[in-house]
There are 2 protein chains.
Amino acid sequence: MPRWPTDSRARLVDAALGLFGEHGYAATTIDEIAARAGVTARTFFRHFGDKEEVLFSDDDSLMPHLITTILEPTGQVSAEQLMNRALTSLAQAMQPEREALRARQRIVDTEVSLTGRELAKQARWQQAVTEALIERGFPAEHADVLSAIGFALFVRSLHTWLADDDGPDLVTRVQDALPRVRTVLDVVSTR
Amino acid sequence: MPRWPTDSRARLVDAALGLFGEHGYAATTIDEIAARAGVTARTFFRHFGDKEEVLFSDDDSLMPHLITTILEPTGQVSAEQLMNRALTSLAQAMQPEREALRARQRIVDTEVSLTGRELAKQARWQQAVTEALIERGFPAEHADVLSAIGFALFVRSLHTWLADDDGPDLVTRVQDALPRVRTVLDVVSTR
DNA sequence: CGAGTGATGTCAGAAACTGTCATAGCAGCA
DNA sequence: TGCTGCTATGACAGTTTCTGACATCACTCG
């Protein structure tokens, strides 16, 4: 029998998400989170560098998935084909988690600093994708713009999918958005 | 004669930028900033909501400039033409500030939280631009993608311009990047 | 059985932030 | 001139986040 119950980290995540949902992010203290998880505040900071990180430590698992999809050797592909494959695969992986993602997004949207942290994480993903595209054989000056556009499309689709109660699913939204890049520069204003 | 010297806010900004540059962002305390500015820490927090804000309170002046350019009634224009005008105008406004921007960027790049804050501010700008595009007569579903692409291009150009010691100026970089969006989806990987 | 390891607790403390009240120039007005 | 309110600031106490240092004790490996 171990001296302490195992899985402190998981219990801290649960406690934090629960309390953030109940009382808001700013209104819950580390002491409260630690108490609900049955540990001390010091243990919280051993698992998470700061209060925000408890909201962002989980979803790192999707990143390798995305990179693998991009690097998968499938012969010559156009950027559009590859982007379609990668974004579809990511969307499929996220789709079952809709409710959890929604709860998390509700919390993130209440604090500018959390939004910033999310965007900083996205920027790191985007950088990793750019490097993968270069390794896959795309010229560097295109890889950069490609991953920027891909992320812009994906994030926009994700947010509307989480916000809308109904409407198309995430995969459909992503696949619909992609071809529009091709013509968007030619749209003309009405005044 | 006023009871205190005027311009506390400006002196706080100067003190903060100086100390951040000399000792780093994390290593300088609010007390040190306040002392150099000749005020107390409480006064710092009256002018800036938190330690980070002293780095971000200034450049809000460029936003109205950008929005005005977009809303300027110039008859029917394509998205590409308008984006070219808006980004060029913004680049021209920023170009003379290169050294100040560089110093600030050096500081921002040392801390993830500062990067996040910068990205969050960019996201607010992007939202404002999207709304301006809609008011200008672009359909909502395109305005969103347009501003996302525009910002991606501009930020990339800005960062390389600040990082490179020589090479083309910001306006040139921005104008070179824009037409590439049109073809980027057709680029083919070499393996 | 003894040495090391790893996750935790305990404690002290720095630094970031907040609420509250006091102070003293200054501006407007009778 | 004198009164009144306003505003920027100081003073101070308190909370919360985060860090460093050291102790504890079940578990494991030899």
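Below, read A as the first sequence line, B as the second, and so on, with proteins coming before strands; counting in each chain starts at 1.
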Verdict with reasoning, A:V77 to A:T74, per side-chain contact (heavy atoms from CB on, under 4.5 Å): CA-CA 7 Å; A:V77 286; A:T74 54; 3.8 Å; yes

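Sorted by residue number, the list of members of residues 105-117 of chain B with any non-hydrogen atom under 4.0 Å from DNA chain C is empty.
Applying the salt bridge (Lys or Arg N to Asp or Glu O under 4.0 Å) test to residues at least two apart or on different chains, the pairs with a partner in residues 17-43 of chain A are A:E22-A:R36.
In terms of phosphate contacts, A:H47 brings a side-chain nitrogen or oxygen within less than 4.0 Å of OP1 or OP2 of C:dT8. Taking only side-chain nitrogens and oxygens, A:T40 never comes nearer than 4.0 Å to OP1 or OP2 of C:dT8. Side-chain nitrogen and oxygen atoms of A:T43 include none within less than 4.0 Å of the OP1 or OP2 phosphate oxygen of C:dA7.
In this entry the distance linking CG of B:D7 with C1' of D:dT9 reads 15 Å, nearest Å. A straight line from CG of A:L19 to P of D:dT16 spans 14 Å, rounded to a whole angstrom.
Between A:R102 and the choices A:D109, A:D164, A:D165, the salt bridge (Lys or Arg N to Asp or Glu O under 4.0 Å) rule is met once, by A:D165.
Geometric assessment of B:R106 against the ring of B:Y25 yields a negative cation-pi assignment under the 6.0 Å and 45° thresholds.
By the side chain to side chain donor-acceptor pair (under 3.5 Å) test, A:T172 pairs with A:D169, sequence neighbours left out.
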Enumerate donor-acceptor pairs with a distance under 3.5 Å from any side-chain N or O in residues 150-160 of chain A to protein atoms, sequence neighbours excluded.
unit_1: A:R156; atom_1: NE; unit_2: B:D144; atom_2: OD2; d: 3.0
unit_1: A:R156; atom_1: NH1; unit_2: B:D144; atom_2: OD2; d: 2.6
unit_1: A:S157; atom_1: OG; unit_2: A:L153; atom_2: O; d: 2.9
unit_1: A:T160; atom_1: OG1; unit_2: A:R156; atom_2: O; d: 3.3
unit_1: A:T160; atom_1: OG1; unit_2: A:S157; atom_2: O; d: 3.0
unit_1: A:T160; atom_1: OG1; unit_2: A:R173; atom_2: NH1; d: 3.2

Could you go over nucleotides 17-20 of chain D and give all protein N or O partners under 3.5 Å, atom names and distances?
unit_1: D:dT17; atom_1: OP1; unit_2: A:K51; atom_2: NZ; d: 3.2
unit_1: D:dT17; atom_1: OP2; unit_2: A:I30; atom_2: N; d: 3.2
unit_1: D:dC18; atom_1: OP2; unit_2: A:K51; atom_2: N; d: 2.8
unit_1: D:dG20; atom_1: N7; unit_2: A:R42; atom_2: NH2; d: 2.9
unit_1: D:dG20; atom_1: O6; unit_2: A:R42; atom_2: NE; d: 2.8

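Counting side-chain heavy-atom gaps under 4.5 Å among Ile, Leu, Val, Met, Phe, Trp and Tyr, the cluster of A:L119 also holds B:L119.
A donor-acceptor pair under 3.5 Å is absent between the side-chain atoms of B:S89 and the main chain of B:R85, judged by distance alone.
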